[in-house]
Participant: 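Pasting in a structure now, in structure tokens, and then I'll have a few things to ask.
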Amino acid sequence: MNASVVVAGAVFDQGRLLAARRSSPPELAGRWELPGGKVEPGESGEQALVRELREELGVESRPLERIPGEWPLKPGYVLQVWTVALVSGDPRTLQDHDALRWLAPDEVDDVDWLDQDRPAVAEAARRLRGA
Ligand code: CDP
């Protein structure tokens with residue numbers, strides 16, 4: 001069976017990357033992630049990402065590019081990441097998170113990212129710096 005896909009967004013705005021601090025479950029609370037969630041049946045990855053960012057942050061967004069690769073999560077799940085532009089709205093903590101931070105390229109290592117998000121965060125930061 002194929003692994004289920006969790007999608008997450010490296011949301012870029014004004015040269016900064018959005019980081020979201022998880023409020024649950026207890027074993028992940030306090031760690032920072034690229035916001036996102038599980039792809040539901042019948043959805044593309046991009047559609048799921050737009051829906052998740054609407055539900056969790058109250059924003060309309062547009063996926064830009066998939067960051068190559070995918071990373072294992074718990075058994076049966078893999079993480080895929082897109083860079084994302086904001087279309088409208090200011091991100092707010094509506095669901096799953098209790099803090100948000102906009103990180104400039106030299107601040108990207110200042111938060112305690114989930115281990116599985118780190119490779120994509122590093123690549124997102126590289127793109128943010130225009131490297
Ligand atoms: O919102 P939904 O229930 O669809 O998904 P979620 O609980 O936000 O994420 C599903 C799983 O993916 C959780 O185990 C998260 O820890 C994991 N995840 C992750 O490792 N990295 C992310 N950037 C987003 C989710």
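Atoms within each ligand, like the ligands themselves, are counted from 1 in listed order.
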Participant: Considering the heavy atoms of Leu114, write down every atom of ligand 1 situated less than 4.0 Å from one of them.
Facilitator: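 Near Leu114, meaning under 4.0 Å from one of its heavy atoms, ligand 1 has 19 (C), 20 (O), 21 (N).
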Participant: Find all atoms of ligand 1 within a distance of less than 4.0 Å from any non-hydrogen atom belonging to Asp117, and give their numbers and elements.
Facilitator: 19 (C), 20 (O), 21 (N), 22 (C), 23 (N)
Participant: Does the N or O separation between Leu34 and ligand 1 drop below 3.5 Å for any pair?
Facilitator: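 For ligand 1, there is an N or O atom that lies under 3.5 Å from one belonging to Leu34.
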Participant: I need the nearest protein heavy-atom contact for atom 17 (C) of ligand 1: residue, atom name and distance, please.
Facilitator: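 Ranked first by proximity to atom 17 (C) of ligand 1 is Leu73 CD1, 4.0 Å.
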Participant: Starting from atom 16 (O) of ligand 1, which protein heavy atom do you reach first, and at what distance in Å?
Facilitator: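 I find the closest protein heavy atom is Leu28 CD1, 2.9 Å.
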Participant: To the nearest 0.1 Å, how far is atom 14 (O) of ligand 1 from its closest protein heavy atom, and which atom is that?
Facilitator: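 The protein heavy atom lying closest is Lys74 NZ, 3.6 Å.
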Participant: Is the closest side-chain heavy-atom distance between Leu53 and Pro35 below 4.5 Å?
Facilitator: yes
Participant: Please list the nearest protein heavy atom to atom 6 (P) of ligand 1 with its residue and the distance rounded to 0.1 Å.
Facilitator: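 Atom 6 (P) of ligand 1 sits closest to the protein heavy atom Arg22 NH1, 4.0 Å.
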Participant: Keeping the roles fixed (side chain from Ser61, backbone from Val50), state whether a donor-acceptor pair exists under 3.5 Å.
Facilitator: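 Side chain of Ser61 to backbone of Val50: no pair is present.
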Participant: Within ligand 1, which atoms have a heavy atom of Ala8 less than 4.0 Å away?
Facilitator: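 Once the distances to Ala8 are compared, the set is 23 (N).
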Participant: If you apply the rule side-chain contact (heavy atoms from CB on, under 4.5 Å), what do you find for Thr93 with Leu100, and how did you get there?
Facilitator: CA-CA 7 Å; Thr93 54; Leu100 300 174; 3.6 Å; yes
Participant: Taking only heavy atoms of Gly36 into account, list the atoms of ligand 1 that are under 4.0 Å away from them.
Facilitator: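 The atoms of ligand 1 under 4.0 Å from a heavy atom of Gly36 are 8 (O).
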Participant: Write out the residue and atom name of the closest protein heavy atom to atom 1 (O) of ligand 1, then the distance separating them to 0.1 Å.
Facilitator: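 Here the closest protein heavy atom is Glu52 OE1, 3.5 Å.
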Participant: From the options Lys38, Glu27, Gln95, select the one whose nearest heavy atom is closest to atom 3 (O) of ligand 1.
Facilitator: Lys38
Participant: Would Asp115 and Arg31 pass as an ion pair if we require N to O under 4.0 Å?
Facilitator: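 Here Asp115 pairs with Arg31 in a salt bridge, since their nearest N and O are under 4.0 Å apart.
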Participant: Contact between Val11 and Leu86 at the side-chain level, heavy atoms closer than 4.5 Å - yes or no?
Facilitator: yes
Participant: For atom 20 (O) of ligand 1, what's the nearest protein heavy-atom neighbour? Residue, atom name and distance, please.
Facilitator: Gln116 NE2, 2.7 Å
Participant: Is the side chain of Gln47 donor-acceptor paired with the backbone N or O of Ser44 at a distance under 3.5 Å, no angle test?
Facilitator: yes
Participant: Given Gly37, Ala19, Ser4, which one has a non-hydrogen atom that is nearest to atom 5 (O) of ligand 1?
Facilitator: Gly37
Participant: Which of the atoms in ligand 1, numbered in the order shown and given with their element, are less than 4.0 Å from a heavy-atom of Asp96?
Facilitator: 1 (O), 8 (O)
Participant: For Leu94, does its backbone N or O pair with a side-chain atom of Arg92 as donor and acceptor, under 3.5 Å?
Facilitator: no
Participant: So that I can tick it off, tell me whether Asp109 and Arg118 are bridged by a salt bridge, with the cut-off set at under 4.0 angstrom between side-chain N and carboxylate O.
Facilitator: no
Participant: So, the side chain of Trp32 versus the backbone of Ala99: is there a donor-acceptor pair under 3.5 Å, distance only?
Facilitator: no
Participant: Distance to 0.1 Å, residue and atom name: give those for the protein heavy atom nearest to atom 24 (C) of ligand 1.
Facilitator: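 Ranked first by proximity to atom 24 (C) of ligand 1 is Glu33 OE1, 3.2 Å.
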Participant: To which protein heavy atom is atom 11 (C) of ligand 1 closest, and what is the distance rounded to 0.1 Å?
Facilitator: Val6 CG2, 4.1 Å
Participant: Answer yes or no: is there an ion pair linking Arg127 with Glu65, defined by an N-O contact shorter than 4.0 Å?
Facilitator: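 Yes.
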